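Remember, it's a predicted structure, so these values are computed and weren't measured experimentally. Each chain gets a letter, A, B and so on, in the order the sequences are listed, and its residues count up from 1.
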2 protein chains.
Amino acid sequence: MLTKKTKYALRSLIHLALKADQGPVLIADLAAEENIPKKFLEHILLELNKEGYLASKKGKGGGYFLAQPATKIVIGDVVRLMDGPLAPVACVSKTAYAKCKDCGPENECRIRPVMKRVREAIADVLDQTTLQDMLATPKRKKL
Amino acid sequence: MLTKKTKYALRSLIHLALKADQGPVLIADLAAEENIPKKFLEHILLELNKEGYLASKKGKGGGYFLAQPATKIVIGDVVRLMDGPLAPVACVSKTAYAKCKDCGPENECRIRPVMKRVREAIADVLDQTTLQDMLATPKRKKL
DNA sequence: TATAACTCTAGTATAGTAGTAGACTAATGG
DNA sequence: CCATTAGTCTACTACTATACTAGAGTTATA
């Protein structure tokens, strides 16, 4: 399950991407429009800022804006930053590998191969989707 | 992330499947051999029993055993039973759909389509893997 | 009919998620 | 240059889920 934090982060990035040409967006406005608790949002934006996804301008007329083109922002990386590894078990994670303590030797594990395939399936989707890909207005009822 | 509970459940099922021809297995033995806290394991086996995956025999010479052939036990269903829905967000779950409260209308959501693909990717793996599929001894160093 | 073994209710501890408070710092505009 | 706007940062708190544990109860077989 995605945490709310991650969902908030994605919503924020989408929002900022859509308003990229309209100058900095205030935390307060973003919070109000996206229905995110303001104080919590501050944390999230700060993390995205530190990681280089966002940039900010202080003082009057300031706010947040994308620091990278939407085509460069990979959703898998955003999810990893917020939620941690994509892998369902640490022992199959590429970016945060850790040996299972309570299991026997890995090459005898019968769970690992399946979970490895799950990890790959998730990563295939999220690492090949950029923020830009998410921007397209979703399917309409009619066209 | 898979919870430990789910991992324990899978390890138990595998264990029981491998010993299917040797009569009932004691909770205590299963706990010891699979390195699972006994009391916790009781809960897990009970759930698997109620769901029809396992059966038990009481009294002396009793224990647990598979109530279904390993080919009928779908890993996705076991994970759902233990961990809940596979979907990363409830609004794309097939088995436990729930509308997101803090989001706008679903057909305008830009996160949903991606997460739907993630859900499908996970389900594709887990719903097409049976307990039997997990039994094959994993790859060896040499043959 | 003793006892081995599963069944069940009701807890507790720890950790992670979600969110808040409030002081601090930096950058504008007048 | 200084008031104000707006982001930065540290340190909490509340809540929930996970991971267990205790102990009494029940059932079936030798």
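Of all nucleotides listed (dC9(D), dA18(C), dA27(C)), dA27(C) comes nearest to the side chain of K58(A). Side-chain atoms of L46(A) lie closest to dC9(D) of the nucleotides dC9(D), dA19(D), dA5(C). Checked against dT5(D), dG22(C), dT9(C), the side chain of K60(A) finds its nearest nucleotide in dT5(D). Side-chain proximity of T3(A) to the nucleotides dG7(D), dA21(C), dA18(C) is greatest for dA18(C).
When the C1' atom of dT14(C) is taken as reference, atom CZ of F40(B) falls 13 Å away, rounded to whole Å. Taking atom CG of residue D83(B) and atom P of nucleotide dT16(D), one finds them 20 Å apart after rounding to whole Å. Look at NZ on K57(B): it is 6 Å from P on dT29(D), rounded to the nearest Å. Taking atom CD of E42(A) as the reference point, atom C1' of dT10(D) lies 13 Å away to the nearest angstrom. Per the geometry, NZ belonging to K38(B) stands 11 Å off P belonging to dT21(D), to the nearest Å. Per the geometry, CG belonging to L26(B) stands 18 Å off P belonging to dT3(C), to the nearest Å. For F65(A) and dA6(D), the CZ to C1' distance is 13 Å, given to the nearest whole Å. Whole-Å rounding puts the L41(A) CG to dC9(D) C1' distance at 15 Å.
The phosphate of dG19(C) has OP1 or OP2 within less than 4.0 Å of a side-chain N or O from Y8(A). In this model, the phosphate group of dA6(D) is not approached by any side-chain N or O of S56(A) to a distance below 4.0 Å at OP1 or OP2. Side-chain nitrogen and oxygen atoms of N49(B) include none within less than 4.0 Å of the OP1 or OP2 phosphate oxygen of dC6(C).
Judged by distance alone, with hydrogens and angles left aside, H43(A) brings no side-chain donor or acceptor close enough to the base of dT8(D) to form a pair under 3.5 Å.
Of the charged side-chain nitrogens involved, at least one lies within less than 4.0 Å of a carboxylate oxygen, so that R112(A) and E106(A) count as a salt-bridged pair. A salt bridge links K39(A) with E42(A): the distance from a Lys NZ or Arg NE/NH1/NH2 to an Asp or Glu carboxylate oxygen falls below 4.0 Å. Classification of D83(B) and K7(B) as a salt-bridged pair fails, no side-chain N sitting under 4.0 Å from a carboxylate O. Under a 4.0 Å N-O distance rule, the pair D102(B)/R11(A) qualifies as a salt bridge. The pair K94(A)-E120(A) fails the salt-bridge criterion, with no side-chain N (NZ, NE, NH1 or NH2) lying under 4.0 Å from an Asp/Glu carboxylate O.
Toward the 5′ end of DNA chain C lies the nearest nucleotide of L45(B), the other residue of the pair L45(B) and L2(A) mapping further downstream.
Among the atoms of the strands shown, only primed sugar atoms or phosphate atoms (P, OP1, OP2) are found under 4.0 Å from some heavy atom of K50(A). Within the nucleic acid shown, I27(A) comes within 4.0 Å of sugar-phosphate atoms alone, with no base atom in reach, counting heavy atoms only. When heavy atoms are screened at a 4.0 angstrom cut-off, K4(A) is found touching the sugar-phosphate backbone but no base atom.
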